[in-house]
Amino acid sequence: MKYNTPINASTQQHIDIADIKNDTLILKTGGAAIVIQTTAVNFDLLSEREQDSMIAAYAGLLNSLSFPIQIVIRSKRMDVSNYLEILTKAEEGQANEKLRGQVIGYRKFIEELITQNDVLDKKFYVIIPYGIVTSATGSGPFDWLLNLFGVTTKRVYVDTEYILKKSVSQLIPKRDHIIKEFSKMGVKARQLNTEELVSLFYDIYNPASSREQKIKDTSEYTAPIVEPMIA
């Protein structure tokens, strides 16, 4: 039996991001945040002197902060299917049998490696907030730390343009300070732009489909509406 009344549902109703605009996250709590991505350093490969220097630089970064930040380390299983396709094409187009055999051996090695082990890709982010809002539970002023990962908090009316205008004067100097401090550690840091933020959160909330379906236009994230027919 089928009912003709559609059910309108938007994924965006269940996340705490109201909008992504001008490289900034606008939160439904009335606050905002920017996301900085950093490179990684293999600490174990550094000499003892270099390790001490990096620890001192990191301590200096933490001691210099007069505002809260959130550090996020995201691990996800790498999708190397495209890389394997490239190797297969290289294998098929290689006329030299000796080189072709080496490509085949390397491709099989990669296939066995990802079959026997989870090959993880780690990304490092620093989130700088604006306008901390205490949640409806009243548990404390740092509830924004969880907002980016779908924890429901108190909603307020969100004036996107007003929040953007007010947040810029506070977030930009903080961003520049963080990037400067990271540079002292030999770590490159940069702010994610709007397209990168949309892709990041699309991947976070759609881990399965994001492997095969990529966002071509950032306006797409406001469009999807699910209208299933109940059977």
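Sequential numbering from 1 along the given sequence is applied to the chain's residues. Only this structure's heavy atoms are used, side chains among them; waters, hydrogens and symmetry mates stay out.
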Donor-acceptor pairs are to be reported for all side-chain atoms of residues 35-43 against protein atoms at under 3.5 Å, with residues two or more places apart or in another chain.
| from | atom 1 | to | atom 2 | distance (Å) |
| --- | --- | --- | --- | --- |
| T39 | OG1 | K188 | N | 3.1 |
| N42 | OD1 | D44 | N | 3.4 |

Is [X] linked to [Y] within one hydrophobic cluster, defined over Ile, Leu, Val, Met, Phe, Trp and Tyr using a side-chain heavy-atom separation of less than 4.5 Å?
X: I128; Y: F124; result: no
X: L87; Y: I104; result: no
X: L99; Y: F109; result: no
X: I86; Y: Y106; result: no
X: L192; Y: V72; result: yes

>> Strictly by salt bridge (charged side-chain N to carboxylate O under 4.0 Å, His left out), give each pair with a member in residues 161-175 just once, sequence neighbours left out.
In response: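 Only K21-E161 qualify under salt bridge (charged side-chain N to carboxylate O under 4.0 Å, His left out).
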Residues in side-chain hydrogen bond (donor to acceptor under 3.5 Å, both in side chains) contact with [X], at least two apart in sequence or another chain:
X: S169; value: none
X: S47; value: E50
X: T88; value: none

Could you work out the complete set of other residues in the hydrophobic cluster of [X], with links drawn between I, L, V, M, F, W and Y side chains under 4.5 Å apart?
X: V168; answer: I172
X: L45; answer: none
X: V103; answer: none

>> The criterion is salt bridge (charged side-chain N to carboxylate O under 4.0 Å, His left out); which residues satisfy it with K123, sequence neighbours excluded?
In response: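 Salt bridge (charged side-chain N to carboxylate O under 4.0 Å, His left out) list for K123, sorted by chain: D121.
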> Does the side chain of I17 come within less than 4.5 Å of F201's, by heavy atoms?
Replying inline: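 Result yes, sub-4.5 Å side-chain heavy-atom pair found.
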Can you give each donor-acceptor pair under 3.5 Å made by side-chain atoms of residues 53-68, sequence neighbours left out, with the distance rounded to 0.1 Å?
| from | atom 1 | to | atom 2 | distance (Å) |
| --- | --- | --- | --- | --- |
| N63 | ND2 | A59 | O | 3.1 |
| S64 | OG | G60 | O | 3.4 |
| S64 | OG | L61 | O | 2.7 |
| S64 | OG | H177 | NE2 | 2.9 |

Taking distance alone, no hydrogens or angles, what donor-acceptor pairs closer than 3.5 Å link side-chain atoms of residues 178-187 to residues at least two apart or in another chain?
| from | atom 1 | to | atom 2 | distance (Å) |
| --- | --- | --- | --- | --- |
| E181 | OE2 | K184 | NZ | 3.2 |
| S183 | OG | K180 | O | 2.4 |

> What residue among L25, T24, D23 forms side-chain contact (heavy atoms from CB on, under 4.5 Å) with T194?
Replying inline: D23
>> Tell me which pairs pass side chain to side chain donor-acceptor pair (under 3.5 Å) where either residue lies in residues 89-101, with sequence neighbours left out.
In response: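 Listed by first then second residue: E91-R107.
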> Closest heavy-atom contact between I163 and A32?
Replying inline: CG2-CB, 3.7 Å
